[in-house]
Amino acid sequence: MDIYIHDTLTGARRRFEPLVPDRVSMYVCGPTVYNLAHIGNALPAVAFDVLARVLRLYFKHVTYVHNITDIDDKINAAALANGEPIRALADRFAAEYRADIAALGVLNPDVEPRATEHISEIIDMIETLIDRGHAYAAEGHVLFDVPSDPSYGSLSKQSLENILEGARVEVAPYKRDPKDFVLWKPSSDELPGWDSPWGRGRPGWHIECSAMIRKHLGPSIDIHGGGSDLTFPHHENELAQGTCVEDGQVYVRYWMHNGLLRMGDEKMSKSLGNIATIRSLRGEHPGEVLRYALLSGHYRGSLEWSDDLIRQARSSLNTLYQALVDAPGDNGATSENFHDANVDAFPETVLAPLRNDLNTPQALAAMHAIAGDIHKTGDAARARALRDQLLAGGWLLGILGTPANDYFQHAAGADPGWIESMIEKRARARDSRDFASADAIREELAASGIELEDTASGTRWKVMR
RNA sequence: GGCUGGAUGGCAGAGUGGUUAUGCAGCGGACUGCAAAUCCGUCUACGUCGGUUCGAUUCCGUCUCCAGCCUCCA
């Protein structure tokens with residue numbers, strides 16, 4: 001059993017081996033909470049959720065830390081515009097974010113740290129960087145001294161000259177080098193601030209993550225994930241801080257970056273405004289459908305988000321649920337039953353692609369193969385075993401979490417009792433070969449969004465979806 | 001301009017030096033009173049131009065196009 005992960009730093013797929021056997025430390029950058037999250041924000045949450053599920057099967061201790069950035073200029077601006085206290089606004093949208101990704105089946109991380117709760121760790125780390133000659137204070141700011149880190153640029157594969165040439169930001173006069181970035185900056189009285197050796201101020205974005213990683217996972221971690229748009233400068237800067245604060249320690253063993261969702265041929269982003277919020281999407285679609293859509297592409301690719309993608313995901317997921325409905329015996333079980341199952345309980349055909357750099361499209365293909373086998377086998381015991389395989393695979397992917405019947409019957413616009421009585425009426429009509437009446441009843445149900453299926457064991461109904 | 005990655009059938013999207021991805025949709029058939037679900041069959045593929053090779057969608061190079069990053073961003 002080997003797990004492979006594509007590592008951004010080396011640009012290669014590498015066999016995964018944690019620093020300490022049986023212990024995996026994983027950190028994923030979460031959102032800055034100043035408004036509702038969009039579906040692009042959910043991609044890393046979902047992808048790394050699947051990774052965590054897989055890793056927990058093979059390693060006894062997995063610590064998954066997923067942060068929330070709750071101190072940021074955009075938060076300040078949003079709070080000001082709202083006339084709302086900054087802390088209240090950040091808390092509110094942090095809760096909204098949690099609710100949104102929970103609806104997509106994302107399990108809670110082990111730790112969900114907030115930057116504002118780690119100010120002393122941040123200050124400590126900045127002081128260490130200054131002591132070691134990698135940072136300097138100037139005019140109330142503290143800046144990281146980029147030229148002091150010879151390997152700067154290695155993660156984003158940028159040469160220092162190119163960073164300079166491409167720079168579109170004005171260079172502050174207190175910077176020794178244009179590439180130096182802020183670790184600490186002063187705050188005015190109306191902005192949030194904390195006392196520090198450099199006066200009242202607040203942390204820069206990059207140091208927050210480094211300090212929280214250090215606190216919760218230590219100086220050297222196994223996996224660091226996030227969107228590919230964070231590679232530069234955020235993760236490059238984190239790498240510089242995390243490396244320079246120690247002597248020759250590897251800050252991150254595997255850097256993982258998910259691709260970005262596109263909408264209308266462009267990256268979905270709050271700045272561009274071409275976003276679909278998770279909130280609005282899950283008003284229209286089950287969270288599981290949205291999750292399936294996200295998993296239908298490989299996490300490193302760029303997936304085109306569209307209504308058609310959602311429609312296809314919905315149909316595909318229906319097919320899997322249909323197999324559960326058609327499996328003989330009790331179909332009240334869900335993938336949730338495999339929450340604590342041993343690795344042997346999971347289908348290798350689904351697991352193997354996931355171990356190979358989280359190949360979710362291939363895993364889903366294997367799920368459909370199992371679903372097909374459920375229909376094709378004539379053996380009831382075999383079908384039940386396959387049903388369990390399907391549910392187990394569903395657990396890894398975070399889908400099939402609803403009892404199959406409920407999935408097709410929940411949110412029925414009509415009273416189930418009425419539906420059953422209509423079905424009975426139709427059965428009598430069919431028995432007397434009055435197909436015109438029988439079809440009329442079926443039409444009437446269809447008008448209420450109810451679809452009928454006549455099976456060998458009787459007629460069953462489901463909500464059209 | 002620099003860096004990184006990508007171009008696969010109607011759509012989405014894996015993968016592979018020679019053999020079916022898969023799903024969605026379409027078409028034909030089976031089943032059904034008719035449907036639905038399911039099963040069987042089936043049509044559209046690997047951006048361009050070269051090279052390596054017995055053989056390339058898969059390796060190498062060229063070109064074209066696209067996206068991301070170089071500024072906050074998942």
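Chain letters run A, B, ... following the sequence lines, proteins first, then strands; residues in each count from 1. The figures that follow rest on heavy atoms only: side chains count, while hydrogens, waters and symmetry mates do not. Since this is a predicted model, take the numbers as computed values, not measurements.
- Summarising the base pairing, B/U4 is matched to B/A67 through a Watson-Crick or G-U wobble pair whose two defining distances lie under 3.5 Å.
- When both pairing distances are held under 3.5 Å, B/U38 makes a Watson-Crick or G-U pair with B/A30.
- For a distance-only test at 3.5 Å, the side chain of A/N359 fails to qualify as a donor-acceptor partner of the base of B/G15.
- Residues A/D110 and A/T63 have side chains that never bring a donor and an acceptor to within less than 3.5 angstrom of each other.
- Side-chain atoms of A/T319 lie closest to B/U38 of the nucleotides B/U38, B/G68, B/A14.
- For B/C39, the base has no donor-acceptor partner in the side chain of A/K376 [N/O atoms by modelled type, under 3.5 angstrom].
- Below the 3.5 angstrom threshold, one finds a donor paired with an acceptor across the side chain of A/S271 and the base of B/C72.
- Between the side chain of A/D454 and the base of B/C34, a donor-acceptor pair under 3.5 Å is found.
- A/Q322 and A/K462 make their closest contact through OE1-NZ, 2.8 Å (heavy atoms, listed as atom of the first residue, atom of the second, distance).
- For A/R442 and B/A35, a side-chain-to-base donor-acceptor distance below 3.5 Å is present, hydrogens and geometry of angles not being considered.
- A donor-acceptor pair shorter than 3.5 Å cannot be found between the side chains of A/T32 and A/D72.
- The base of B/G33 sits with one of its N or O atoms less than 3.5 Å from a complementary donor or acceptor on the side chain of A/R430.
- Checked against a 6.0 Å centroid threshold, the rings of A/H216 and A/H118 count as neighbours.
- Here B/G18 sits opposite B/C54 as a Watson-Crick or G-U wobble pair (both hydrogen-bonding atom distances under 3.5 Å).
- The side chain of A/Q312 sits closest to B/A12 out of B/C72, B/A12, B/G33.
- Separating the P atom of B/A56 from that of B/C60 is a span of 16 Å, rounded to the nearest Å.
- When both distances must be under 3.5 Å, the Watson-Crick or G-U wobble mate of B/A25 does not exist.
- Nucleic acid contact for A/L260: base, since at least one base atom lies under 4.0 Å from a heavy atom of the residue.
- If you check B/C24, B/C70, B/A74 against the side chain of A/Q158, the one that comes closest is B/C70.
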